Number of protein chains: 2
Amino acid sequence: MSLKNKINPTESELEILQLLWEFGPSSVRFVNDKQNENKEVGYTTTLKIMQIMADKGILIVNKEQRQHVYSSVIDESETKGNLLDGFLKKTFSGSAKKLVMQALGNHNPSKEELEEIKKLISEIENKSK
Amino acid sequence: MSLKNKINPTESELEILQLLWEFGPSSVRFVNDKQNENKEVGYTTTLKIMQIMADKGILIVNKEQRQHVYSSVIDESETKGNLLDGFLKKTFSGSAKKLVMQALGNHNPSKEELEEIKKLISEIENKSK
DNA sequence: TTCTAACTACGAAATTATTCGTAAATAAAT
DNA sequence: ATTTATTTACGAATAATTTCGTAGTTAGAA
């Protein structure tokens with residue numbers, strides 16, 4: 001994909017994407033059940049949004065069975081990268097540093113998390129040598 | 001402020017807040033001019049949103065002069081922290097680590113940024129000793 | 001076969017956020 | 001003093017997203 005097709009899922013679209021990324025291709029029923037573990041969401045609401053996503057080309061549908069099976073077409077980390085980018089611009093004037101520092105400062109990361117991050121930093125440093 | 005008043009500015013509210021945080025108490029005209037350096041925004045649009053924000057208690061207005069002067073009531077880093085929190089939940093299942101790693105991985109931070117982040121990490125590590 | 005339950009299709013209502021037009025008030029300029 | 005420009009007030013139009021009701025269809029159970 002050469003020219004970026006900047007996909008910006010809405011909030012409820014993202015919610016559904018997260019489930020499809022985690023559990024793979026799923027029926028509306030399955031997705032709706034998962035959503036209802038957290039908060040009440042009407043079945044037809046989930047259906048409608050998944051249909052809209054399919055229209056937009058974010059999902060593809062397999063209609064061979066009566067229970068249609070939906071799968072995500074878009075890549076998880078690419079999409080999250082885009083979302084992060086937008087959030088970064090809007091909230092931290094595009095500075096990853098500011099965001100990272102706010103994230104680290106606010107969230108009391110565990111020793112293990114810090115270790116992983118330090119590891120990642122040295123990897124990045126080594127790559128650019 | 002004891003019980004969190006979870007303030008969630010919308011996108012255009014945040015845009016205005018950023019300006020008020022940077023430049024301090026300002027008139028609608030000033031804010032609107034700043035906005036128009038980037039993109040066209042109607043004057044009454046800016047006015048309306050700032051009035052709404054004042055209604056919500058996000059801004060306070062000084063009406064002594066004809067040009068009302070608006071100031072932010074909410075704290076910059078607290079608000080950004082809240083926004084980050086929400087974004088984190090929605091997009092990275094609340095894991096600051098995932099987000100930080102995505103941010104660092106995606107944004108080719110400069111050597112200086114990495115240094116600052118490492119410094120911050122050691123500060124956090126020392127604090128918890 | 002007939003009844004019932006589950007599913008899709010569809011459109012409209014509700015919600016939230018944003019934009020804009022117009023009127024009224026005030027100050028500044030001529 | 002009259003005109004002109006700037007500002008606030010207000011409500012309505014627009015837009016985007018989400019929710020929901022209802023009808024029609026299909027599959028499975030009785």
Side-chain angles (χ1 to χ4, degrees), chain A residues 6-20 25-36 38-71 74 79 82-83 86-87 89-91, chain B residues 6-20 25-36 38-71 74 79 82-83 86-87 89-91:
Chain A
K6 273 297 162 62
I7 283 166
N8 260 96
T10 66
E11 205 163 318
S12 38
E13 285 175 351
L14 180 61
E15 214 174 81
I16 289 169
L17 283 170
Q18 306 268 30
L19 291 169
L20 294 180
S26 311
S27 66
V28 175
R29 173 62 58 198
F30 178 85
V31 170
N32 182 252
D33 283 350
K34 283 287 173 192
Q35 288 182 311
N36 277 279
N38 301 316
K39 59 168 183 197
E40 178 139 339
V41 181
Y43 178 82
T44 52
T45 300
T46 304
L47 172 64
K48 180 66 163 189
I49 292 183
M50 291 177 80
Q51 287 173 336
I52 291 172
M53 293 169 82
D55 273 1
K56 291 186 187 172
I58 295 180
L59 304 183
I60 49 172
V61 200
N62 180 333
K63 297 187 175 179
E64 280 166 21
Q65 310 299 326
R66 184 157 87 110
Q67 272 204 153
H68 296 177
V69 175
Y70 291 78
S71 337
I74 64 182
T79 302
N82 288 341
L83 289 169
F87 179 72
K89 282 208 196 72
K90 286 182 299 188
T91 314
Chain B
K6 272 297 159 63
I7 284 166
N8 260 95
T10 67
E11 205 165 316
S12 39
E13 286 175 350
L14 180 61
E15 213 175 82
I16 289 168
L17 282 170
Q18 306 267 31
L19 291 168
L20 294 180
S26 311
S27 66
V28 176
R29 174 61 59 198
F30 178 85
V31 169
N32 181 252
D33 283 350
K34 283 289 173 190
Q35 289 181 309
N36 276 278
N38 301 316
K39 58 168 185 196
E40 178 139 338
V41 181
Y43 178 82
T44 52
T45 300
T46 304
L47 172 65
K48 179 68 161 189
I49 292 183
M50 291 177 79
Q51 286 173 334
I52 290 173
M53 292 169 82
D55 273 0
K56 292 186 187 172
I58 296 180
L59 304 183
I60 49 171
V61 200
N62 180 333
K63 297 188 175 177
E64 279 166 20
Q65 309 299 325
R66 183 157 86 113
Q67 272 204 153
H68 297 176
V69 176
Y70 291 78
S71 338
I74 64 182
T79 301
N82 288 341
L83 289 169
F87 179 72
K89 282 208 196 74
K90 285 184 300 188
T91 313

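These figures come from a predicted structure and were not determined experimentally. Residue numbers begin at 1 in each chain, while the letters A, B, ... track the order of the sequences.
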Sorted by number, residues from residues 44-52 of chain A placing a heavy atom under 4.0 Å from DNA chain C are A:Thr44, A:Leu47, A:Lys48, A:Gln51
Ignoring hydrogens, what is the shortest heavy-atom contact between B:Ser27 and B:Gln67? Give both atom names and the distance. CB-NE2, 3.8 Å
Answer yes or no: is there a side-chain heavy-atom contact under 4.5 Å between A:Leu59 and A:Leu17? yes
What's the CD-P distance between A:Glu11 and D:dT19, to the nearest Å? 10 Å
Indicate the atoms forming the closest heavy-atom contact of B:Tyr70 with B:Leu20, along with that distance. O-CD2, 3.7 Å
Would you mind reading off the distance between B:Lys56 atom NZ and C:dT18 atom C1', rounded to a whole angstrom? 11 Å
For B:Glu13 and C:dT19, what is the distance between atoms CD and C1' respectively, to the nearest whole Å? 14 Å
Verify the contact: side-chain N or O of A:Tyr43 to OP1 or OP2 of C:dT8, cut-off strictly under 4.0 Å; return yes or no. yes
In B/S/- notation (B base, S sugar-phosphate only, - none; protein heavy atoms under 4.0 Å), nucleotides 1-6 of chain C written 5' to 3' is -----B
So which protein N/O to nucleotides 14-16 of chain D N/O distances come out below 3.5 Å?
none

Report the distance from atom CD1 of A:Ile16 to atom P of D:dT17, rounded to the nearest whole Å. 14 Å
Can you measure B:Lys63 atom NZ to C:dT26 atom C1' for me and round it to whole angstrom units? 15 Å
Contact between B:Leu14 and B:Glu11 at the side-chain level, heavy atoms closer than 4.5 Å - yes or no? no
Could you tell me if the side chain of A:Thr79 sits less than 4.5 Å from the side chain of A:Pro9, heavy atoms only? yes
Note, A:Gln35 side chain near A:Ile16 side chain (heavy atom, < 4.5 Å): yes
Scanning both residues in full, the closest heavy-atom pair of B:Lys39 with B:Glu15 reads NZ-OE2, 2.8 Å
I need the CG-C1' distance between B:Asp33 and D:dT7, as an integer number of Å. 13 Å
Measure the distance from CD on A:Gln65 to P on C:dT8 and round it to the nearest whole Å. 12 Å
In whole Å, I'd like the distance from the CD1 atom of A:Ile58 to the P atom of D:dT17. 10 Å
Quickly, which of B:Asp33, B:Asn36, B:Val31 forms a side chain to side chain contact (heavy atoms under 4.5 Å, CB included) with B:Thr46? Name it, please. B:Val31
A:Leu19 side chain reached by A:Phe30 side chain, heavy atoms, under 4.5 Å: no
Side chains of A:Glu13 and A:Asn8: does their closest heavy-atom pair fall under 4.5 Å? no
Does any non-hydrogen side-chain atom of A:Ile52 lie less than 4.5 Å from one of A:Lys56? yes
